[in-house]
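Following: one structure in C-alpha cells, then a few remarks.
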Amino acid sequence: MVLHLEKIIALQKKTSCIRNLCILAHVDHGKTTLADSLVASNGIISSRLAGKLRYLDSREDEQIRGITMKSSAISLHYTTGGNEYLINLIDSPGHVDFSSEVSTAVRLCDGAIIVVDAVEGVCPQTQVVLRQAWLENIRPVLVINKIDRLIVELKLTSQEAFTHLQKILEQVNAVTGSLFTSKVLEERAEKDAEAQSSCTENSSADQVYDWSAGLEETDDSDLYFSPDRGNVVFASAIDGWGFRIHQFAEMYSQKMGIRSSVLLKTLWGDFYLNAKAQKIMKGAQSKGKKPLFVQLVLDNIWSMYDAVVTRRDKEKVEKMVTSLGLKVMSRDLRHSDPKVLLSAICSQWLPVSQAVLSMVCEKLPCPAEISAERVEKLMSVGARRFDSLPEKTQELKKGECVLTALPEGCSVADVLPSIPHMACCTVDRLYLLMGRELEDLDEVPSGNVLGIGGMEEFILKSATISTSPACPPFTPLSFEATPIVRVAVEPKHPSEMPKLVRGMRLLNQADPCAEVLIQETGEHVLVTAGEVHLQRCLDDLRERFAKIEISVSEPIIPFRETVIRPPKMDMVNEDLGKQQKVAVIHQVKEEQMKIPEGVQVDSTGLVTLTTSNKMATVGVRAIPLPEEVTRLLEDNVELIRTMEQFSLFAWEDKTLDINQKILENIQDFKVKLESNLQGHKWRGAVEHIWAFGPRRFGPNILLNNIEGYRRPSVWQCLEREKETERAEIRDFDNSIVSGFQLATLSGPMCEEPLMGVCFSVETWDMKISVPQAQQDSVDEDSQPSEPNNVDQSERSDMHETSSNRSRSRAEAAGGSVDCYGPFSGQLIAAMKDTCRYAFQAKPQRLMAAMYTCEIMATAEVLGRMYAVLSKREGRVLQEEMKEGTDMFIIKAVLPVAESFGFADEIRKRTSGLASPQLVFSHWEVIGSDPFWVPTTEEEYLHFGEKADSANQALKYRNAVRRRKGLYVEEKLVEHAEKQRTLSKNK
C-alpha cells in the first residue's frame, strides 16, 4: 500500500495522465459491482470477491439494503500503451432519494461512465443522470451491463440479443439527441430574438426569414454512443468479463487477414461475412445472414455459457481453455458452482477492468482539457454573463495551483476585503480518498479529487475555496429530488438536547439534500427527500453525529389550503338544479350563523369587517387563481424576491442594480401572467397586484381594487426608465400587506399555508384624520387594560421592520402619523380575519403533495401492484410495455400522505418483482369537500343520513388539526348502550 501511495502521489503531478470520472446509473444496474472489478485490478481486493464484497459500499445499511446511499471515491493506477494513468473514481448512488449525491459527484468529474442494464434498458433514473452529465458539460461513455441475464434468464439467442442491444443503444442515443436538440433550438431562439431586435431598428431593410432550425449546421458526430467509436463496452460485471469491439477486431484481423480498421467499422452494423468470396458484405438482415457481431463475438460468448453453465460439458470447456491459451486452476474446474469456473475463464479472456479503464483513458478528457464553456458556466452565477465579470475574475479561468497544507502555528494575513458570505481560513489537513480509508497528503496539485479537513467551521453544505478573493462562487448544484418528508426529532433524555442540536448541525453540513429547521413551536424538524433518505439521516444522527437515543414523530405531511369555483355537480353526479339550490342556500345560511357580529358577507362573497375601534373598514373578496398562474408563481420565486427587494429599496429611496437578463425574465413573467389571467374579472389585474404571499414571494396574490388608490406597482423595476408620476403610499398600507401575509401563512381549515388564492381588496375606509390617529394611539397607550393591545402580538417581524421604515419616512416628511402604534396592530388583525372569512365564504379544499411514481414490473404482478396503488389513493397515468421484454413501465401519481411503507408493501405483494421510484411532482386539489354533508334527497339515499363513509379530505384535515393541538369536531361514542351481563343459569 505504501508503494501504491507513492506511485499515486507521483502521478498526481502529471495532469495529462489524470482521469476524474464517476459511475452513474439507475438503481441496481450494477455500478458498485463494476467498481469492485476496477478496484480488484489494483489488488486492493481479491478478484474472487469482486461483485460480492461491494467494497465502495462502506456503510452497514448500504450492505444490508444492497444499494449505494453515499458517494465514495477511490484512486486507481492503470497502465496502457506504455503510459501510466491515475484514475480518480467516484461511485454514486442510483436511488432517486440520493440524487443530490449524484449532482455532487458530477460537478467534481470530467467524465462519466453510464451503466445500463441489458434487460431493463433505459430507466427513469438513467435519463436523469444523462441529463445531469449533459448540464454539467462532462463527457460520458457507456457500459451495457448484465449481458449474462440475456443468456441465463431471458434465454435469448445470440441473434435476438444483438437486436435487443441495438434497441438499447438507440434508446440511450435518443435521450442524448433530445438534450442536444433542445440546446440547439434554445440557442437558435436567442439568435432569433437578437435578429428581431436588430430588424426593428432597421425596419426599412428587406426582411428574409431563415427557416432552418440550426440543427443542419451543428456538428453532433462526437455526441452519440457507438461501439465502432470505442465509447461502448459490453459487460457482465458479476461474471468479470467485458469487451470493446476493437479487441475482437485486432484478434480476427490476424486470423482472417482482414485489416483491423475495416473490421472495426463493420463488426457493429448490418454486415456479414461471405465465406466463399472471403469478403465482408452489406445487407445481412435482408439476405437472412448472421451479422458479423453475432458470428464473431456473441456466438463465442453464448457457446461459453452453454458449455460452462447450461450443459456443464467438461471436455468442451477444456478445449476452449486450451484454444484461448488460459490457465485455470484445477479447484475452479472441480467447483460445484459453474459461475466460479465461468468467472475464472472470462476474467482472464475478457477482463472487464481492462476494457473499461482503457476506454476511460482513451475517450475521457484530462482535467487540463476542461472546456472554456464549462468554466464560464461555473463562474457565471445567476444571470451574470462571464464577460460582465471583473478582469481579475476572468483571468482566473486559466489558473493552476498546488494546494498545500500549512504547518501548525502558521496563519494567514487578514487582508481580505469585507465581502458578504466570504470567510478566510487555513487548510491544515489534506487527504487522498481511498474508499473506506483516508491517506494523509502534504500537497495536492491541481486537477485531482481530494478530501480537505478542518473546514467544518466555515462551510455549511457547499462552498468555493480559492486563494484569490476575485474568485466568484461557482453556480449552485441542481438537485433532482425536492426535500418533502418532515419529522420532528427530540432526544429520549431531555438533558441530551445540546448533543442533538450539535448532531443535527453536523447532519445539515454533511448531507446536501437534508434540511434542519426549528419551528415556531420549538420542535426540531428534519426535512428529507424520501423514506429511504429519512431512514439514513436518522441512522446517521443516532450513530455518527449526535450519538444519542432519539424519539422521532410520525412523518409531518404538508398540505395546502385553497378555494375553488362553486361546483356544478353534487356528490352523486346530479346537476345542481333549482330544487337542490334551496337546500344549499339553507346550508350556506347555517354556515353564516357561525360568522361573528360585525362581519358582513354578501351573496357575491365580499366580506366587510370593521376594526374594534370602529375607525377602519376593510372589504375583501377571495377568488381562486387558475392552475397555470399558481404554477407560474411557484416557478418564479426568485424573480418575485428580486422585485420585492427592489420595491423595498425604492421605499427607502435607494437604488438596486438589476441585471438586464433578470429584467427580461421579469418582463416575460409579467407577459405570461397577463396571458393566463384572461376574462372580464381579471381585467387589469396584473397592474393592480399589491403583494405576493406568504413571506412576500408565495403562490397567492393581493389585488388592489380600491377606487381612487393608486400605489407604486410591484413591477416598478420595469418602469424605472419611464418617466411616471410618483404614486403615493397611504398610511397603514403595510398593515394591510402584513395582515394578508399572516392570513396566507396559516389558513382557517388546519393552519396550513394557502395556495392559488387571490384576495381582492375592494374597500378600505379610514374614518380617521392624521391628528386623531395619533391621539387614538396615545389614548390606547395610556390605557393598558384595553383589550385591543392583545392584537399587537399578531405583528410579524416583516411588518415591524417595514413599519420602522414608514416611521422614518413620516418623520422625514414632517408628518405626525403613528404607523406602528396599536391602531396598526388592529388593522393587521382586521385584515387577517377579513381574508380568513372571505376564504371561508368560498368552497374550500385541501391540496395534497403528490409524488410521481414510476414502477417497472412484469405482467404477472400487474394486478397486485394496481391493488396496492388503488388502496393508497394512487392514480395510474400511463402504462407501456418495453420493447423486446416482458417488463411494463407504469407511471402513476400518489399522495405523499399515503406513500409511507408503499415501497415495502409493493415489494412484498409482488415478491420483489416491482420496485417504485418516487419523486415529488406537484400539489393537487383533493376533490372531496372536507365540510360536506348530504343536502339533496339523492345524497341522503346514497350516503345515508349520517354520511359516515370515509371522507379523505376530512380525514387529512382532522389529522393535521389533531397534530397541531387544534379543536377537532368528532364524536367519540355514537351509539352508547348499557352493557348487559347475562346471569348464569343455575
Side-chain angles (χ1 to χ4, degrees), residues 22-36 39 45 49-74 90-105 125 433-438 451 461 479-481 483-487 489 491-492 499-500 503-504 506-516 526-555 899-908 912 915-919:
C22 52
I23 306 181
L24 310 175
H26 187 80
V27 66
D28 280 337
H29 277 202
K31 295 179 294 301
T32 310
T33 308
L34 177 66
D36 265 12
V39 170
I45 62 169
L49 293 173
K52 301 172 189 71
L53 187 64
R54 302 204 312 279
Y55 179 73
L56 293 180
D57 284 356
S58 52
R59 295 165 57 95
E60 191 183 345
D61 48 1
E62 288 179 324
Q63 291 288 345
I64 292 166
R65 279 183 182 265
I67 60 169
T68 305
M69 296 185 189
K70 197 91 180 152
S71 293
S72 302
I74 194 164
I90 300 175
D91 178 32
S92 63
H95 196 286
V96 71
D97 280 11
F98 308 110
S99 58
S100 57
E101 297 278 343
V102 179
S103 304
T104 315
Q125 208 59 22
L433 305 169
M434 290 300 292
R436 301 178 184 195
E437 287 107 32
L438 296 171
K461 286 183 183 292
F479 296 145
E480 292 293 323
I484 192 76
V485 181
R486 296 167 173 247
V487 289
V489 183
K492 278 267 175 74
K499 288 184 181 177
L500 176 70
M504 290 189 85
L506 288 170
L507 175 66
N508 194 28
Q509 277 187 313
D511 196 306
C513 200
E515 289 178 12
V516 173
L526 180 63
V527 194
T528 58
E531 217 178 337
V532 185
H533 186 213
L534 172 65
Q535 197 55 53
R536 192 199 78 181
C537 287
L538 293 174
D539 288 346
D540 276 353
L541 206 53
R542 286 190 190 102
E543 292 159 22
R544 294 177 62 195
F545 300 129
K547 294 181 181 175
I548 57 168
E549 285 189 34
I550 54 174
S551 301
V552 182
S553 72
E554 287 294 307
S899 67
F900 301 100
F902 171 71
D904 288 341
E905 186 180 357
I906 213 162
R907 272 196 286 269
K908 281 174 191 168
S915 57
Q917 289 268 34
L918 300 169
V919 186

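All residue numbers refer to positions in the sequence shown, counting from 1.
Inter-residue side-chain proximity for K499 and K547 is flagged as unmet; no heavy-atom pair is nearer than 4.5 Å. L433 places a side-chain heavy atom less than 4.5 Å from the side chain of L438. Taking the side chain as every heavy atom from C-beta outward, D91 and L34 never approach each other to under 4.5 Å. Between P93 and S71 the shortest side-chain heavy-atom distance falls below 4.5 Å. Side-chain contact between F545 and M504 is absent, with no heavy-atom pair separated by less than 4.5 Å. Inter-residue side-chain proximity for M69 and V532 is flagged as met; some heavy-atom pair is nearer than 4.5 Å. Inter-residue side-chain proximity for E531 and P555 is flagged as unmet; no heavy-atom pair is nearer than 4.5 Å. Side-chain contact between D539 and E60: absent, with no pair of heavy atoms (C-beta onward) separated by less than 4.5 Å.
At a threshold of 4.0 Å, the pair D540-R544 counts as salt-bridged, since one of the basic side-chain nitrogens sits closer than that to a carboxylate oxygen. Using a 4.0 Å cut-off between charged nitrogen and carboxylate oxygen, D511 and R536 count as a salt-bridge pair.
Of all heavy-atom pairs between S103 and F479, the closest is OG-CD2, 3.7 Å. The two residues R436 and S58 come nearest to each other via the heavy atoms CG-CB, 3.4 Å. The heavy-atom pair separating G435 from L56 by the smallest distance is CA-CD2, 3.8 Å. Among all heavy-atom pairs drawn from T68 and K70, the shortest one is CG2-O, 3.5 Å. Counting all heavy atoms, side chain and backbone alike, P483 lies closest to C513 at CG-O, 3.3 Å.
Rounding to the nearest 0.5 Å gives a distance of 10.0 Å between OG1 of T528 and CD1 of I484. Between D57 atom CG and I64 atom CD1 the span is 12.0 Å, to the nearest 0.5 Å. If you take CZ on R542 and CG on L500, they are separated by 11.0 Å, rounding to the nearest 0.5 Å. Remark: S99 OG to Q917 CD distance equals 9.5 Å, nearest 0.5 Å. Note that CG of L49 is 12.0 Å distant from OH of Y55, once rounded to the nearest 0.5 Å. For the atom pair E549 CD and L541 CG, the distance stands at 12.5 Å (nearest 0.5 Å).
Screening residues 24-36 for salt bridge (Lys or Arg N to Asp or Glu O under 4.0 Å) gives no qualifying pairs among residues at least two apart or on separate chains.
The backbone N or O of R486 sits nowhere less than 3.5 Å from a side-chain atom of E515 that would complete a donor-acceptor pair. Side-chain atoms of H533 come within 3.5 Å of backbone atoms of A529 as a donor-acceptor pair (strictly under, hydrogens ignored). Side-chain atoms of R907 do not come within 3.5 Å of backbone N or O of S915 as any donor-acceptor pair. Between the side chain of E905 and the backbone N or O of G901, no donor-acceptor pair lies under 3.5 Å. At least one donor-acceptor pair under 3.5 Å links the side chain of S92 to the backbone N or O of I23. When atom types are taken as modelled, the side chain of Q63 and the backbone of L53 share a donor-acceptor pair closer than 3.5 angstrom. Checked by atom type and distance alone, the side chain of Q125 never pairs as donor or acceptor with a backbone atom of V96 at under 3.5 Å.
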Decide side chain to side chain contact (heavy atoms under 4.5 Å, CB included) for Q535 and R65; before the verdict, give the C-alpha distance in whole Å, the side-chain angles of both, and the deciding distance to 0.1 Å. CA-CA 12 Å; Q535 197 55 53; R65 279 183 182 265; 3.9 Å; yes
Show your working on side chain to side chain contact (heavy atoms under 4.5 Å, CB included) between V27 and I67 and close with a plain yes or no. CA-CA 7 Å; V27 66; I67 60 169; 3.8 Å; yes
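Annotation for K461: atom NZ counts as buried by contact number, over 12 foreign heavy atoms lying within 6.0 Å.
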